[in-house]
Amino acid sequence: MIPFSPPHIDQKVIDAVIDTLKSGWITTGPKTKLFEKNLSAYTGCKSTLCLNSATAGLEIMLKWFGVGPGDEVIVPSYTYSATANVIIHCGAIPVFVDTEDDFNISISAIEKAITKKTKVIMPVDFAGYPCDYDEINDLVNRQDIKTLFKPMTNEQKLLGRIMILSDAAHSVGGIYKGKKTGCLTDVSVFSFHAVKNLTTAEGGAIALNFPAPFDNDEIYKHLCIKTLHGQNKDALAKMQKGNWKYDIVEAGYKCNMTDIMAAIGLVELERYESDTLPKRKHIFELYTKKLSQYAWAQIPEYATDIKTSSYHLYPLRIKDINEETRDRIIQNIFDADVSVNVHFIPVPMMSFYKSLGYDIKNYPKTYDNYSREISLPVFFDLTDEQVNQVLDAVINAVEKNIQ
Ligand SMILES: Cc1ncc(COP(=O)(O)O)c(C=O)c1O
């Protein structure tokens with residue numbers, strides 16, 4: 001069976017983890033700090049905080065901005081539920097909007113959804129393909145939109161407009177107009193979950209990039225406290241001679257990254273540009289070369305003059321089919337011993353969100369994208385021979401079901 005996206009665990013990763021276990025320091029410490037520094041250097045953002053998941057990073061940033069009951073947060077209807085769940089955790093209202101042909105959030109739909117209650121927009125770089133950040137940033141800086149904004153907290157007053165919190169869970173290494181994700185807007189959150197391009201088993205990072213007068217290093221320091229119980233000293237600082245006393249300055253959270261996770265991340269980041277991205281790009285190109293020959297195949301957009309994907313997912317769409325046919329095709333692909341996936345079942349289709357009154361009928365493009373989508377396997381150890389096996393399975397399954 002060809003798996004969908006197993007991690008790239010080689011001896012280097014195993015050695016890094018063992019070294020950390022033997023070092024005597026396994027929680028947040030020097031390796032996490034180094035990983036944060038290297039991530040900032042890689043993405044070009046102003047400061048990076050590593051955590052135990054992207055979900056934690058998204059929620060922490062909403063809380064940091066003071067998002068609460070009555071506030072609205074605009075999100076694409078086509079995303080993983082984590083993007084919306086964190087809004088619910090804050091007691092705020094997720095305002096779903098439709099997506100475009102490239103699967104990303106529709107800018108015109110965002111504009112229509114903005115009200116005086118909007119505090120944050122969370123664009124999602126679906127499959128690793130960056131959103132239209134110039135348009136999104138311009139929109140929130142427009143005078144009429146700024147006038148609508150009603151700041152309640154110090155952070156909201158200082159920003160003076162809607163915050164853009166990019167869900168960059170898929171897109172570390174993605175490029176928009178020559179800049180990497182992480183420095184394209186106010187703040188971006190990466191995921192290092194086991195299936196992601198760059199993994200730490202579980203993990204995530206907040207890439208801070210707020211404009212002046214914000215001091216991103218100060219925000220980083222505050223977030224370190226906020227994500228570790230609200231404690232004013234971390235474990236490493238408390239270990240220093242005689243430095244045992246600490247205070248709790250707020251009712252904080254507990255979602256720090258451990259040095260064991262960071263050890264994996266350091267190896268992953270070091271080889272990301274040289275090995276990981278070229279290999280993923282190669283697999284994308286093999287898929288595209290073959291599938292372009294078939295009239296039924298809608299090839300995903302992943303590289304243009306201004307945007308390059310991180311090659312996280314290859315979201316193939318089959319033209320002119322419905323959800324039932326797509327599901328039958330998937331079953332036939334699995335029958336040929338190839339694992340595929342669907343990204344995503346849109347959030348408004350989930351029971352919980354349906355129970356809140358959301359209805360997929362209001363997001364026709366999202367439903368159309370979803371109902372025809374099949375994500376193909378992409379992972380470092382996938383060989384060219386296996387790529388051909390995937391292609392054979394997909395082509396046979398589609399041709400069997402559309403004729
Ligand atoms: C778009 C998107 N956002 C957020 C997340 C949550 O990431 P994590 O599992 O690191 O919390 C995921 C996870 O798959 C995702 O796909």
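Read the numbers this way: they start at 1 and go in the same order the structure lists the ligands and their atoms. Counting from 1, the numbers follow the sequence of the chain as shown. Excluded from the calculations below are hydrogen atoms, water molecules and symmetry mates; all remaining heavy atoms, backbone and side chain alike, are included.
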query: Do Lys177 and Asp134 sit within salt-bridge range, that is, some charged N less than 4.0 Å from a carboxylate O?
result: yes
- prompt: Got the closest protein heavy atom to atom 6 (C) of ligand 1, with its distance?
  reply: Thr55 OG1, 3.4 Å
- prompt: Which ligand 1 atoms does Val124 reach within 4.0 Å, using its non-hydrogen atoms?
  reply: 1 (C)
field: Distance filter under 4.0 Å to Ser191 heavy atoms, resulting ligand 1 atoms
entry: 7 (O), 8 (P), 10 (O)
- prompt: Would you call Lys12 and Asp10 a salt bridge, taking side-chain N to carboxylate O under 4.0 Å as the test?
  reply: no
- line: atom 12 (C) of ligand 1 has as its nearest protein heavy atom Tyr80 CD2, 3.8 Å
query: Any cation-pi pair here, Lys180 with Tyr42, using under 6.0 Å and within 45°?
result: yes
Residue pair Tyr287 / Leu316, side-chain heavy-atom distance below 4.5 Å: no
- request: Please state whether Lys196 comes within less than 4.0 angstrom of ligand 1, counting heavy atoms only.
  value: yes
Atoms of ligand 1 close to Phe344 [distance to a heavy atom under 4.0 angstrom, numbered from 1]: 16 (O)
field: Row check, Phe380 ring normal vs Lys279 NZ/CZ: under 6.0 Å, within 45°
entry: yes
- request: Check if Gly203 has a non-hydrogen atom at a distance under 4.0 Å from any atom of ligand 1.
  value: yes
- request: Determine whether the side chain, the backbone, both or neither of Ala54 has a heavy atom under 4.0 Å from any heavy atom of ligand 1.
  value: both
task: Measure the distances from the heavy atoms of Phe126 to every atom of ligand 1 and state whether one is below 4.0 angstrom.
output: no
task: Could I get the full list of side-chain contact (heavy atoms from CB on, under 4.5 Å) partners for Pro30, not counting sequence neighbours?
output: Trp25, Leu236, Asp259
task: Could you list which atoms of ligand 1 come closer than 4.0 Å to a heavy atom of Thr83?
output: 3 (N)
Would you mind writing out the side-chain donor-acceptor pairs for residues 165-175 within the sub-3.5 Å range, not counting sequence neighbours?
from	atom 1	to	atom 2	distance (Å)
Ser166	OG	Tyr133	OH	2.7
Asp167	OD1	Ala169	N	3.0
Asp167	OD2	Thr83	OG1	2.9
His170	ND1	Ala127	N	3.0
Ser171	OG	Asp125	OD2	2.8

- prompt: What residue and atom, counting heavy atoms only, is the protein's closest point to atom 16 (O) of ligand 1, and at what distance?
  reply: His170 NE2, 2.8 Å
message: For a side chain to side chain donor-acceptor pair (under 3.5 Å) check, start with the C-alpha distance between Tyr253 and Glu59, then their side-chain angles and the critical distance, and finish with the verdict.
response: CA-CA 10 Å; Tyr253 300 84; Glu59 182 161 342; 5.2 Å; no
- prompt: Considering only heavy atoms of Thr79, which atoms of ligand 1 have at least one such atom less than 4.0 Å away?
  reply: 1 (C)
query: With no hydrogens and no angle check, is any side-chain donor or acceptor of Asp234 less than 3.5 Å from a backbone partner on Cys224?
result: no
task: Identify, for atom 3 (N) of ligand 1, the protein heavy atom at the shortest distance, and state residue, atom and that distance.
output: Asp167 OD2, 2.7 Å
